[in-house]
Amino acid sequence: MENSRDGKVQQLHGKDYVDPPPARLLDMEELKTWSFYRALLAEFVATLLFLYILVATVIGHKKQTGLCDGVGPLGIAWAVGGMIFVLVYCTAGISGGHINPAVTLGLFVARKVSLFRAVAYMVAQCLGAICGAGLAKSLMKHPYNRLGGGTNLVDSGYSKGTALGAEIIGTFVLVYTVFSATDPKRSARDSHVPDLLCLWFTWPPFQSLALA
């Protein structure tokens with residue numbers, strides 16, 4: 001098929017995208033680049049902020065005594081979804097916006113990132129999560145200790161198996177959305193903003209189920 005524009009004839013081969021080659025399993029060269037360490041810093045800071053907002057929001061809700069006080073489980077879910085939306089938008093161009101070891105592991109299995117980058121991302125994410133929870137504890141020490149750090153518990157009427165199933169389904173939806181947003185076919189014709197909106201609107205129900 002031919003398409004003429006400004007006097008130039010362009011050949012279209014039926015594809016408006018290019019499948020990127022799989023990432024090398026062991027890529028030593030990326031360890032020498034500044035962009036690699038900048039991506040690690042982005043993952044660390046993003047996970048720190050995410051955990052701080054999550055823990056602080058949950059503790060703020062649990063501190064309330066009335067049934068209608070605070071934001072409620074659904075409000076916590078929307079706070080988490082909104083934070084994910086902002087952080088992924090800010091870090092997508094730097095590190096890919098993983099902010100979750102499950103996402104990093106999925107992308108590694110799909111050969112989207114190298115082994116070194118996957119391991120380094122997971123370490124940065126775990127350190128960021130620890131520092132984020134530590135920041136929340138330092139600023140809300142007494143409520144943090146009294147409420148167990150805002151740890152989620154399985155609600156009465158649900159078994160641990162049901163809770164585990166909800167976590168598996170929620171994680172699947174999260175990773176599937178990330179794969180959809182990074183699909184070269186989608187990038188060729190759409191903006192990534194609709195995918196972020198989809199992530200924001202689909203994640204809170206699963207998060208509220210876990211928080212309930």
Side-chain angles (χ1 to χ4, degrees), residues 10 13 15-57 79-136 138 170-204 207:
Q10 299 177 346
H13 302 286
K15 278 189 175 183
D16 60 347
Y17 66 94
V18 177
D19 287 312
R24 296 168 59 184
L25 182 62
L26 302 174
D27 190 355
M28 300 295 296
E29 293 300 321
E30 65 181 357
L31 300 179
K32 304 176 183 178
T33 62
W34 162 242
S35 61
F36 176 75
Y37 299 98
R38 183 178 62 177
L40 293 183
L41 181 60
E43 288 293 315
F44 172 82
V45 173
T47 313
L48 185 153
L49 293 174
F50 177 65
L51 260 293
Y52 169 71
I53 293 297
L54 172 60
V55 173
T57 304
V80 172
M83 198 64 187
I84 283 289
F85 177 88
V86 172
L87 292 175
V88 170
Y89 186 83
C90 292
T91 60
I94 302 174
S95 64
H98 295 194
I99 321 177
N100 191 318
V103 174
T104 302
L105 179 62
L107 292 174
F108 168 69
V109 172
R111 300 291 302 277
K112 301 289 186 180
V113 295
S114 67
L115 177 62
F116 287 142
R117 184 175 290 268
V119 173
Y121 272 23
M122 291 181 185
V123 171
Q125 291 158 0
C126 291
L127 290 176
I130 293 171
C131 292
L135 179 61
S138 65
T171 305
F172 172 81
V173 172
L174 172 64
V175 176
Y176 179 82
T177 304
V178 171
F179 270 81
S180 177
T182 57
D183 189 342
K185 295 185 286 296
R186 180 177 297 277
S187 299
R189 63 178 184 269
D190 306 321
S191 168
H192 61 281
V193 174
D195 298 288
L196 290 171
L197 288 172
C198 181
L199 176 61
W200 188 16
F201 282 105
T202 55
W203 183 245
Q207 186 69 23

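- For the pair Leu48/Phe44, a side-chain contact is recorded, criterion being any heavy-atom separation below 4.5 Å from C-beta on.
- The line from CE of Met122 to CG of Leu127 is 13.5 Å long, rounded to the nearest 0.5 Å.
- Between the CD1 atom of Ile53 and the CG atom of Leu135 there is a distance of 9.5 Å, given to the nearest 0.5 Å.
- When all heavy atoms of Thr171 and Ala102 are compared, the pair lying nearest together is CG2-CB, 3.7 Å.
- Here the SG-CZ distance, from Cys90 to Phe85, works out to 9.5 Å after rounding to the nearest 0.5 Å.
- The shortest non-hydrogen separation linking Val80 to Leu54 is CG2-CD1, 3.4 Å.
- To the nearest 0.5 Å, atoms CD1 (Ile99) and OG1 (Thr91) are separated by 4.0 Å.
- Rounding to the nearest 0.5 angstrom, the gap separating the CD atom in Gln125 from the CZ atom in Phe50 is 11.5 Å.
- One finds the CG atom of Leu41 at 8.5 Å from the CD1 atom of Ile94 (value rounded to the nearest 0.5 Å).
- Here the closest heavy-atom approach between residue Ala124 and residue Leu40 is recorded as CB-O, 3.7 Å.
- Looking at every heavy atom in both residues, Ala39 comes nearest to Tyr121 through CB-OH, 3.2 Å.
- The heavy-atom pair separating Ala129 from Thr47 by the smallest distance is N-CG2, 3.7 Å.
- Among all heavy-atom pairs drawn from Leu51 and Ala133, the shortest one is CB-N, 4.4 Å.
- The side-chain heavy atoms of Met83 and Thr57, taken from C-beta on, include no pair separated by under 4.5 Å.
- In Tyr37, the OH atom is crowded: over 12 heavy atoms of neighbouring residues, nucleotides or ligands sit closer than 6.0 Å.
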